[in-house]
Amino acid sequence: MLLKVDPVDSFSGTFRVPSSKPETQRAILVGTLADGTTRVFNDLRCDETETMKNACRAIGAKITEHDDFLEIEGIGQSSPRIGRVIQSRGSGLVFRVVTALASAQPSPVVVTGDATLRNRVMEPLLQALRELGADIESIVGKDQAPVVNWGHRLKGGTCRLPGDISSQFITAILFAAPLAEGPVEIEVTGEVFSKSYIRQTLASLTEAGIKVSASEDMRHYQVEPSAYQAQDFTTREDYTSASYLLAAAALFPGRTVLTNVYGDSMQGEFAIVPILEQLGVSVTFDRATSTLTVDNPPGSMRGDFAVDVRDCPNIVPTLAALGAYVQGSLRVTGGRLTRFHKASRIEAMASELTRAGVDIEVLYEDGVCDGFVVRGAQTYPGGVTLSSWGDHRIFMSLFVAGLRMQSANRFSGFEDVRLSFPTFLEEFAKAGVLTTAVEEENVPAEAAA
Ligand SMILES: O=C(O)C1=C[C@@H](OP(=O)(O)O)[C@@H](O)[C@H](O)C1
Ligand SMILES: C=C(OP(=O)(O)O)C(=O)O
């Protein structure tokens with residue numbers, strides 16, 4: 001099925017931002033590894049947090065979903081009692097952290113995932129776990145998922161990881177390190193990208209009572225064997241999900257209000273707020289009502305803008321969509337990590353937006369695609385079929401880009417919003433965005449070409 005989405009003349013109203021996926025996933029992990037009961041209020045319910053819950057249940061946690069909070073009975077000091085096969089579906093974070101945790105228990109475990117996950121880079125993590133004493137093998141022999149962890153425990157010591165492939169490798173070792181028999185040191189080589197996600201991990205561990213320290217440049221970490229302590233969490237808003245609503249608000253003059261917004265997030269994608277301000281859009285937080293108001297004056301988004309995304313990788317596709325309407329140019333650099341995400345996100349956005357008539361050029365550094373420059377226009381004809389490349393964030397970004405085109409577009413991959421933003425279509429429907437699921441064979445030949 002494809003989703004036909006009609007463009008709109010205006011965008012305004014009140015919309016609810018989903019709770020944070022990274023915060024919810026980290027809280028589930030801490031609750032699982034802690035002794036006693038953890039409650040996670042305002043948690044995000046979506047496929048990828050469900051995958052984390054199921055993986056944690058397989059580790060031995062008891063997780064109950066109440067109306068407005070999760071209750072987790074953790075496994076505490078007992079070593080993880082991991083089921084024989086753990087399914088991480090498409091979630092990089094689940095696969096990487098659970099693979100590391102599986103190293104800290106005594107019997108064999110297979111960790112696997114879907115076709116997308118099985119294509120993602122895992123070799124540096126497996127290598128680092130081996131340096132710490134894990135006996136881990138890739139079943140397909142390419143150091144990718146699925147893996148079997150033979151369960152010879154995590155001894156400790158020093159491991160090395162690259163900083164420019166995925167911060168989730170560092171997060172994974174940090175979560176497992178307190179369970180090792182001795183202290184763990186992580187040395188990161190090369191530049192460290194996605195630091196905001198490592199900071200979120202460090203904050204979760206510190207609040208849980210783990211003895212962890214990090215150097216200022218985030219290239220050196222030390223973790224002592226220590227116990228996770230149960231606690232209550234309240235999850236804040238997700239700025240990657242918010243970015244789609246904020247970008248839509250920036251495409252049309254007027255006022256938009258977002259709810260479930262608290263304004264003190266550690267997520268690097270909070271950068272979408274200062275970026276909008278740079279583009280001439282006003283953003284005001286009201287802590288008393290937990291809302292954010294966007295006032296977009298006519299004539300915003302004019303000029304030449306440059307953004308570095310090395311600390312906010314997940315808004316790269318959103319920025320490409322936004323850039324399609326910047327009267328001047330938007331130059332985005334530092335996005336090289338996104339080629340290791342669910343899709344190669346810069347290539348995906350450049351390819352699909354080019355098909356829609358957008359002037360977007362991929363920027364390469366050291367031979368790898370690192371960013372793009374997009375020279376926007378007032379509008380585009382639309383009437384095209386755009387692929388999500390199997391990636392929820394590509395679908396949501398292209399959907400936003402289509403809102404100001406002249407005629408309806410069709411998109412693949414709309415079902416994938418359930419991974420991170422299950423209410424995406426309902427929220428956009430509040431602004432009058434009309435969507436219709438259509439059979440693929442009904443697509444006119446010229447649109448499908
Ligand atoms: O730890 C996390 O929750 C995440 C870390 C980041 O991964 P990368 O460092 O691979 O970009 C981010 O892009 C991903 O969406 C979530
Ligand atoms: C965090 C994401 O994915 P992953 O955990 O698979 O990297 C995402 O795309 O939102």
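No experiment lies behind these values; they were computed from the predicted model shown. We count ligands from 1, going down the list as the structure has it; atoms in each ligand are counted the same way. These numbers come from the heavy atoms of this one structure, side chains and all, not from hydrogens, waters or symmetry mates.
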- [ ] Within a distance under 4.0 Å of any heavy atom of Asn314, pick out the atoms of ligand 1 and give their elements.
- [x] 12 (C), 13 (O), 14 (C), 15 (O)
TODO: Please find out if less than 6.0 Å separates the ring center of Phe424 from that of Phe414.
DONE: no
TODO: Quick one: look up the protein heavy atom nearest atom 1 (C) of ligand 2 and list residue, atom name and how far away it is.
DONE: Lys21 NZ, 3.2 Å
Open item on the list: Between Glu23 and Arg26, does any side-chain N to carboxylate O distance fall below 4.0 Å?
Closed with: no
Open item on the list: Within the 4.0 Å heavy-atom shell around Gly90, which atoms of ligand 2 are there?
Closed with: 6 (O)
TODO: Starting from atom 16 (C) of ligand 1, locate the nearest protein heavy atom and write down its residue, its atom name and how far away it is, to 0.1 Å.
DONE: Gln168 NE2, 3.5 Å
Open item on the list: Let me confirm one number: the CD-OG1 distance from Glu71 to Thr38, rounded to the nearest 0.5 Å.
Closed with: 9.5 Å
Open item on the list: With a cutoff of 4.0 Å, is His341 in contact with ligand 1, counting heavy atoms of the residue only?
Closed with: yes
Open item on the list: Looking only at distances, can you tell me whether any N or O atom of Arg96, backbone or side chain, sits closer than 3.5 Å to an N or O atom of ligand 2?
Closed with: no
- [ ] Report the nearest protein non-hydrogen atom to atom 7 (O) of ligand 2: residue, atom name, distance rounded to 0.1 Å.
- [x] Arg120 NH2, 2.9 Å
- [ ] Do me a favour and list the nearest non-hydrogen protein atom to atom 10 (O) of ligand 2 with residue, atom name and distance?
- [x] Arg393 NH2, 2.7 Å
Open item on the list: Checking the N or O distance criterion of under 3.5 Å, is ligand 2 in contact with Lys342?
Closed with: yes
TODO: Go through ligand 1 atom by atom and flag the ones less than 4.0 Å from a non-hydrogen atom of Pro22.
DONE: 3 (O)
Task: Proximal atoms of ligand 2 relative to Gln168 (non-hydrogen, under 4.0 Å) - done: 4 (P), 5 (O), 7 (O)
Task: Contact (N/O only, under 3.5 Å) between Gln25 and ligand 1 - done: no
TODO: Would you check whether Tyr197 has a nitrogen or oxygen atom less than 3.5 angstrom from a nitrogen or oxygen atom of ligand 1?
DONE: no
TODO: Could you verify whether a donor N or O on one side chain and an acceptor N or O on the other, from Thr24 and Asp43, lie under 3.5 Å apart?
DONE: no
- [ ] Check each atom of ligand 2 against the heavy atoms of Gly92 and keep those under 4.0 Å away; list them by number with element.
- [x] 4 (P), 5 (O), 6 (O)
Task: Among His341, Gln25, His392, closest by any non-hydrogen atom to atom 9 (O) of ligand 2 - done: His392
Open item on the list: Salt bridge check, Arg345 against Asp391: does any charged N sit closer than 4.0 Å to a carboxylate O?
Closed with: yes
Open item on the list: When you compare the side chains of Gln267 and Asp238, does any donor N or O come within less than 3.5 Å of an acceptor on the partner?
Closed with: yes
Task: Residue portion contacting ligand 2 (non-hydrogen atoms closer than 4.0 Å) for Arg345 - done: side chain
Open item on the list: How close do Val316 and Thr338 get, counting heavy atoms only, and between which atoms?
Closed with: CG2-CG2, 3.9 Å
- [ ] Flag the pair Phe395 / Phe421 as yes when their ring centroid distance falls below 6.0 Å, and as no otherwise.
- [x] no
Task: Contact atoms of ligand 1, heavy-atom distance to Pro313 under 4.0 Å - done: 11 (O), 13 (O)
Open item on the list: Any heavy atom of Ser91 closer to ligand 2 than 4.0 angstrom?
Closed with: yes
Open item on the list: At under 4.0 Å between heavy atoms, is it the side chain or the backbone of Arg26 that contacts ligand 1, or both, or neither?
Closed with: side chain
Open item on the list: Under the salt bridge (Lys or Arg N to Asp or Glu O under 4.0 Å) test against Arg336, which residue among Asp308, Asp366, Asp164 passes?
Closed with: Asp366
Open item on the list: Please identify which of these residues, Leu245, Thr435, Thr423, meets the side-chain contact (heavy atoms from CB on, under 4.5 Å) condition with Phe428.
Closed with: Leu245
TODO: Run the numbers for me: atoms of ligand 1, each under 4.0 Å from some heavy atom of Leu337, listed by number.
DONE: 8 (P), 9 (O), 11 (O)
Task: Atoms of ligand 1, numbered as shown, that sit under 4.0 Å from any heavy atom of Ser166 - done: 8 (P), 9 (O), 10 (O)
Open item on the list: Within ligand 1, which atoms have a heavy atom of Ser194 less than 4.0 Å away?
Closed with: 8 (P), 9 (O), 11 (O)
- [ ] Name the orientation class of the two ring planes belonging to Phe41 and Phe69 (parallel below 30°, tilted from 30 to 60°, perpendicular beyond 60°).
- [x] tilted
- [ ] Would you please say whether a donor-acceptor pair under 3.5 Å links the side chains of Asn260 and Tyr262?
- [x] yes
Task: Phe193-Tyr197 aromatic ring centre distance below 6.0 Å - done: no
